[in-house]
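For this chain, numbers begin at 1 and follow the sequence in order. Only heavy atoms go into these numbers, but all of them, side chains included; no hydrogens, no water, no symmetry mates.
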Amino acid sequence: MLSRVATRSRSALIARLPSAPTSVLRQSLLPKTHVKSVVRFQHTTKPALAKLAPLDTFPRRHIGSEGKEVQEMLHQLGIKDIDELLGKTIPSAIRSPKPLAIGQGLPERQLLKRLKDIASKNMVNRSYIGQGYTDTVVPNVILRNILENPAWYTQYTPYQPEIAQGRLESLLNYQTMVSDLTGLPIANASLLDEGTAAAEAMLMSWQSARSKKNVYVVDENCHPQTIACLKLRAEAFNIEIVVANALQYNFEENKKNLCGVLLQYPNTRGSVHDYEALTARIHSAGGLVAVATDLMALTLLKAPGEFGADIALGNSQRFGVPLGFGGPHAAFFACKEEHKRRIPGRLIGVSKDADGNNAYRLALQTREQHIRREKATSNICTAQALLANMSAMYAIYHGPEGLRAIAQRINNMTAALADGIRHYGFEIENKDNFFDTLSVNVGNSSSILQKAAAEGINLRAIDNNTIGITLDEAVTQEDLDKLLHVFQKEGAPVVTVESLSSILESNRLTFPHQLKRTSNYLTHPVFNSYHSETEMLRYIHHLESKDLSLVHSMIPLGSCTMKLNATTEMIPVTWPEFSNIHPFAPVDQTRGYLAMLDELADDLKEITGFDGVSLQPNSGAQGEYAGLRVIRAYHHARGESHRNVCLIPISAHGTNPASAAMCGMDIVIIQCDSKGNLDMEDLKAKAEKYKDRLGAIMITYPSTFGMFEAGVSDACKVVHQHGGLVYLDGANLNAQIGLTKPAEIGADVCHMNLHKTFCIPHGGGGPGMGPIACTKELEPYLPGHPVVPCGGQNAIGPVSAAPYGSASILPISWAYIKMMGGEGLTKATKLAILNANYMASRLSEHYEILYTNENGMCGHEFIVDIRPFMDHGIEAIDVAKRLQDYGFHSPTMSWPVTNTLMIEPTESESKAELDRFCDAMISIRQEIQQVIDGKLPKKDNMLNRAPHSLKTLMSDKWDRPYSREVAAFPMPYLREKKFWPTVSRVDDAYGDRNLMCTCPSPEEYA
């Protein structure tokens, strides 16, 4: 991982480590060859001790079928063994010549012990660094029943709303919370982090200007990581970032070019300013006002919408989500009504179902990148749903009065600390103008920092003379006494918290009186009903019961790889050694994290065949953006900044053209042939046509059609011959591991969806991680960071707010790789391909399967064609909804081909579950045949009226041409094990015509 290697030599770090040769951390920092020899020594079982080998081996727990089941699937295909299958599936030219050089898999208990040893190298000091990250008290009822609950963390994105009503309601609660606290009417269902949310606000402002206005003013007292994210994002759009004191900037002189302004409230140094007059000035100059703010502060401070802000954004982390070394955390984003169709990311709305009942759904999807493609200014295709749900539940648990009490306590403690520090003769820069953060002029920052470190305390070094302190809800009296002791001068009378008790109880105003919040918030019943743990537990479980997840059945989504998220992988996420670390903590306190991240990066290099890795991108789309920015930086360094054409196949993921557009590239579409392969003649012609400007091609491999294209290496050569580089979209990497590698195929950079291939759970629509790997030539340009040194020596700016993205979930992927080992990872790939081909073979007797190779094989996924039934009134959406009645989530619907279903089973599913799904699809085909034969009406059958909720089935009136029993129990197993959709089919059009993105009124709620 270049982020460490580029800034601190390996040998220098080793020298600072414990001298014991068996130190796990020491092993992780040894040269790679040495590490392999250590791993081999540790994990090799001597033949004489074979009977003592551990029984909790992991691959057999992760992989769903073996032995007899595998043989039965091979028999269905008419193939003798896996090797024959692979020979008929993967072109020999791209097969890896050597097995993966990753050690033997660790048993689960050994894995947890080893990771505990690594985690123990982290030093969990008390951090008051702030900068958008604070400690928080996670209510245990939320910790156990959401963050640690697979029924919440294994859900997929709620594209099938009928079986996602619980999480949609929770996300609507989140939007309502954000809307209420910011004073703005429209809020989305979260973004990735505060820095990139600010970048989205900038682009919304630029786009809203509808002219050539390209100056964006950023107040100098915004968080430094936010400013850095803005600068990188602005480059491709030719937006000029002006970092200045916004209170003194002359907007009137620059009104011709001004598109918007970003302010921080309270700002990074803790000051709270009245921005009402400034906002009016900016508006008169033609700019939009975005305010980066703090939800906890807004329980006491005037809302941004109340002083005229157009956009409000920030990090909801302090609402019950652990620090986690930087993530994952849900960024919030709210805006005025007139900007609702430009708001980035997902928006939850209220609609009606087919029976007229309220139903929640994803609203206004025409705004999304997969629709707008190369016209998009945002490539956001995800959210931080799991973390947004936690923050919403935190607000529900505490309610408006509880939140106000927490905020007041934080403010009172800050006031007491300020008085105590003044007693010791130090000047508070922001005096009586703060919420939770003090900037203290100390003369010499280093001496105070050292004294604090000796007390187990981290403070922020704002500059050589100024220290920053940000308090939080977890601060105790003992913590305050320790902080005061840090500032005690020799011989000075001791100031204790007890002596400041009057201030702690005074609720005195510490910011301008006109900024005191007078408006109500969180008045909806949901925020005023569940304050006991009993009620909270029942509410969480009530919502959970409405959602289908991997705890119920397989989720066969093509290109989304919904595999097992093993409990052993998940357990370390909430260990204090990982969850309680501030992202900007001193390096010597994060040695365990860095060792684990370094090992993960090394394993990802081995898996991809590349030389450099950045773990910073915190989504797949961020990985695409990062990879293309690295390619652009490479061309620019060579004096070829004019290379800005990106070739993208017509079948590409919707984020591909959006990411290329965000990098300032011109998109040229490459056609595919009738078999779904890249049209090589079209590629050659366009590579030649644009040879002087060709920057890159984006290739998904295996292809989006589920094919291992034989000509992929030739395509890479064509692009290289014409001066371009190859970006490989790693969404389908699960079909490559151990069998082929992106670097061996001919790619220069790829991203890896850790929330797909490497077992980070989808969380109901986030979190995700999308690290990139690249060649030695591109390694120097890997993303950097303004606060924590990382990235290459010629690093591009940060693509995420935290230096290592959502670091606290990276132990999941580290653990998966370590427990599987090279052999287990390779076996998983083989079984994923076998499962897909087995299912395709069974279903081919009933449906047409699109795009198989010359041997009749698919890769890891396949496409079922529903188009032949359209003349009979049956479309893909009808099959998708009917599958809900059978207890299954739909496969990927109408992508990449309209009115098809793309199915990916993954290696984790057993043959029994594959057969159960196939049986459901075959049964549905028989139902379609009844419509074709005229036994059921075209527009009134169990498919186009699916799904069937209990409310529908139990109604007094039943006037349908099929029985209630057929509707509810089309297969025998459903009588014993049935997941019920809680609403009938949702009316999307109604929801878009009548947009409602906050909780319904109390009357409707009741």
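- More than 12 heavy atoms of other residues, nucleotides or ligands lie within 6.0 Å of NZ in K336, so this atom counts as buried by the packing criterion.
- Put simply, the side chain of R233 reaches to within 4.5 Å of the side chain of E200, judged on heavy atoms.
- Ring pair F527/H524 is perpendicular by interplanar angle, where above 60° counts as perpendicular and below 30° as parallel.
- S949 places none of its side-chain heavy atoms less than 4.5 Å from the side chain of V983.
- For the pair M204 and F333, the minimum side-chain heavy-atom distance is below 4.5 Å.
- Taking the six-membered ring where the residue is Trp, Y394 and H398 present perpendicular rings, their angle passing 60° and hence far from 30°.
- Residues F511 and F435 place their aromatic rings such that the two centres sit no closer than 6.0 Å.
- Taking the centre of each ring, F307 and Y265 come in below the 6.0 Å mark.
- Within 6.0 Å of CD in E401 there are 12 or fewer heavy atoms belonging to other residues, nucleotides or ligands.
- Among all heavy-atom pairs drawn from G326 and Y133, the shortest one is O-CE2, 4.0 Å.
- Between Q384 and Q317, the side chains place no donor N or O within less than 3.5 Å of an acceptor N or O (distance only, hydrogens not considered).
- Ring geometry, F325 versus Y804: the interplanar angle falls under 30°, so the pair is classed parallel (tilted spans 30 to 60°).
- Comment: E337 engages K340 in a salt bridge, judged by a side-chain N to carboxylate O separation of less than 4.0 angstrom.
- Between R361 and the options D987, D988, D353, a salt bridge (charged side-chain N to carboxylate O under 4.0 Å, His left out) holds for only D988.
- Between P767 and P328, the shortest heavy-atom contact is CB-CB, 3.6 Å.
- Contact annotation: the side chain of N173 never approaches that of M393 to less than 4.5 Å [non-hydrogen atoms, C-beta and beyond].
- Closest heavy-atom contact between R167 and P158: NH1-N, 3.4 Å.
- The closest side-chain heavy-atom distance from L504 to M413 is below 4.5 Å.
- No side-chain donor from either of R508 and T510 sits under 3.5 Å from a side-chain acceptor of the other.
- In this model, a donor atom of one side chain and an acceptor atom of the other lie less than 3.5 Å apart for N618 and D193.
- Using modelled atom types and a 3.5 Å distance limit, the side chains of T476 and D479 yield a donor-acceptor pair.
- Smallest separation of non-hydrogen atoms from H552 and D547: CE1-O, 3.1 Å.
- Of the residues listed (R409, R126, R318), the one engaging D472 in a salt bridge (charged side-chain N to carboxylate O under 4.0 Å, His left out) is R126, and it is the only one.
- Checking Q160 against H889 by side-chain atom types alone, no donor-acceptor pair falls below 3.5 Å.
- Here the rule is side-chain contact (heavy atoms from CB on, under 4.5 Å) with P304, and of I311, L313, V291 only V291 fits it.
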- Go through N357 and K352 one step at a time and tell me if the side chain to side chain donor-acceptor pair (under 3.5 Å) criterion holds. CA-CA 5 Å; N357 303 302; K352 302 285 185 185; over 6 Å; no
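- E505 pairs by the salt bridge (charged side-chain N to carboxylate O under 4.0 Å, His left out) definition with nothing, not counting sequence neighbours.
- Smallest separation of non-hydrogen atoms from L543 and S170: CD1-CB, 4.0 Å.
- Between V526 and I396 the shortest heavy-atom distance is O-CG2, 3.3 Å.
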- Message: Working note: R460 + T268, criterion side chain to side chain donor-acceptor pair (under 3.5 Å); need CA distance, chi angles, decisive distance, verdict.
- Response: CA-CA 11 Å; R460 178 186 175 189; T268 194; 2.9 Å; yes
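- Contact check for L403 versus L295: no side-chain heavy atoms found under the 4.5 Å cut-off.
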